[in-house]
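Letters go in sequence order (proteins before strands), and every chain restarts at 1. On a predicted model such as this, the values are computed, not experimentally measured, just so you know.
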Amino acid sequence: MPISFYNTLTRKVEEFKPIVEGRVSMYTCGPTVYDFFHIGNARSFVMSDVVRRYFEFSGYEVNYVMNITDIDDKIIKRGNEENRPSSEVAETFATAFLEDTKRFGIRHASTHPRATETMEEIIAHIKALVDKGAAYEVDGDVYFRVSAFKEYGKLSGKKIEDLQIGARIEADDRKENPVDFSLWKSAKPGEPSWDSPWGKGRPGWHIECSVMSQKYLGKTFDIHAGGNDLIFPHHENEIAQSEALTGEPFAHYWMHFGFLNIDNEKMSKSLGNFFTARDILEKYSAEVIRFYYMQTHYRSPLNFTHEGLEAAKTGLQKLQGLYDALEDAKTGSASFDVAAHEQRFIDAMNDDFNTSAAFGALFDMTREANTALHADTGMDDASRASLRDFLQRSCEGVFGILSSEKDDGGASSALLDGVMQLMIELRAEARNEKQWALSDRIRDGLKELGIVLEDSRDGTRWKTTT
RNA sequence: GGCGACGUACCCAAGUGGCUUAAGGGGACGCUCUGCAAAAGCGUUAUUCAUCGGUUCGAAUCCGAUCGUCGCCUCCA
């Protein structure tokens, strides 16, 4: 089965057919940098990262673009609150974004364009829309004329008439139609601004994504992704302002990530259940959080709980345990068939990136591999190598949840290795002389320090707990 | 009011017409291994998929009703 996934535009799971054979052009809506990003944002970024990595696993070359929106009302507001220039606010959180994504194991995009560095193109795009009659100016503001784009609503399934009835759209006399949206906002005194044919001002919310994606990926590209809540109005408006100008499809596939709730409630600052990505990384490793996210299908809502995180932590140790055991195992004679398991993994992922089912395959494989490894016959070198290779490509490469490096808790590994070597030798001597009290004291003492000893017939292994 | 999603074991979560008298993870209990542990393995933990009807040779999967939960329609990943 080829890679297939759910396309919001058609409301069906569709086989992926790239514009250019072997290549994927993909755009995911990045952050507006007015604050640290939170664990809900993190879910979208992680899942988007996994999709990108899986395409690469499958042999595609991926051109992955994620914007950084660094000029926006919320940034200006924050700047005012903190009494510092909004550009400084943007810079602070753009830097934090890059740092935090890295700590989360989210690979940086091929390009992270910024709105303020794309101003020329944004203005040109708006001007072209005005020239074409799809937008109009009113006193320095420019609005998109929704009536000029007949397909408006095709992504979200909304009808313009319904939107007009909805009383929630603010009445603005200056707009021809309440549903028209802002492309350019004139600057109030003291606000950051750029020169434009309509005077000083800044871009509206949606336009920057249209322009940045098309600048780096072309008029039409393969995949546009983002959080569920962006379907309307953000993505709907992006389509309108892009296709109204080019007359061609904007993105072929639209992918949306489910929302994250905290203890069954929507995360919000007012409810006090708001966690930034930074907060959560204090308590759990990036691998555990990533694994937790991936246990649920990307389109389903995810309920974020402490218990769930703890369960993920334990589950992940099982996978890591096999990875480590493969390293230490002695050469045996039995062969192990990795290919069948890899095929199950691929089938699951090709079917709408079904990470939950993929883990089913991975855990079944783990059980069988552990059994083989512990059997008298052991596992031959070639099997061990291919098993390791598969785990490396899947769990480390695609999912980013396993590490081949021994976690030494930050201590100097050469020194710690030496000390541990000695401790294990001393304890082995005590055990040979059946001095259980002493050997147990060593084991218990180390455990309190965060080091776990595991005895097997091949000797004693140690690892740190995290 | 409009649009949409969902309800699977103690918890999380795949499966969406026959291969399933329902994957996988966590938890619990019993066992094997072990000096004792840990790790690993084995077994048990849903004849049942919110409820009630219907379609079908056959339904967790399709249709209808009912109950419940949630999202979007406004800044939001």
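Not counting sequence neighbours, the partners of A/Phe257 by the ring-ring contact (aromatic ring centres under 6.0 Å, His included) test are A/Tyr298. Annotation: ring-ring contact (aromatic ring centres under 6.0 Å, His included) contacts of A/His374 (sequence neighbours excluded): none. The ring-ring contact (aromatic ring centres under 6.0 Å, His included) check on A/Phe93 picks up A/Phe36, with sequence neighbours excluded. Listed by chain and residue number, A/His112 satisfy the ring-ring contact (aromatic ring centres under 6.0 Å, His included) test with A/His108 (two or more places apart in sequence, or in another chain). A search for side-chain hydrogen bond (donor to acceptor under 3.5 Å, both in side chains) contacts involving A/Asp279 returns A/Thr276, not counting sequence neighbours.
Residues A/Phe5 and A/Arg299 have side chains not in contact (no heavy-atom distance under 4.5 Å, counting atoms from C-beta outward).
Remark: A/Lys266 is not in phosphate contact with B/A77, judged by side-chain N or O atoms under 4.0 Å from OP1 or OP2.
B/U45 and B/U56 are spaced 34 Å apart, taking the C1' atom of each and rounding to whole Å.
Within residues 223-239 of chain A, the residues having any heavy atom under 4.0 Å from RNA chain B are, by residue number, A/Gly226, A/Gly227, A/Asp229, A/Leu230, A/Phe232. For the segment residues 99-112 of chain A, no residue has any heavy atom less than 4.0 angstrom from an atom of RNA chain B.
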(message) Please convert RNA chain B into dot-bracket. A pair counts if it is Watson-Crick or G-U wobble with both distances under 3.5 Å; crossing pairs go in [ ] and bases paired with another strand get |.
(response) ((((((((.[[[..)..(.....]]]((((((.......))))))....[[[[[..)....]]]]])))))))....
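Evaluation of the salt bridge (charged side-chain N to carboxylate O under 4.0 Å, His left out) test over residues 316-326 of chain A, restricted to residues two or more places apart or in two chains, returns none.
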List every contact pair, protein side and nucleotides 40-42 of chain B side both N or O, where the distance is under 3.5 Å.
from: B/A40; atom 1: O3'; to: A/Asn370; atom 2: ND2; distance (Å): 3.1
from: B/G41; atom 1: OP1; to: A/Asn370; atom 2: ND2; distance (Å): 3.4

(message) For nucleotides 28-37 of chain B, give me one character per nucleotide, 5' to 3': B if any protein heavy atom sits under 4.0 Å from the base, S if the only such contacts are to the sugar-phosphate, - if neither.
(response) -------BBB
(request) Summarise protein proximity over nucleotides 7-21 of chain B in one line of letters, 5' to 3': B for base, S for sugar-phosphate only, - for none, counting protein heavy atoms closer than 4.0 Å. (result) ------SSS------
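The 5' end of RNA chain B is approached more closely, in terms of each residue's nearest nucleotide, by A/Phe359 than by the other of A/Asn261 and A/Phe359.
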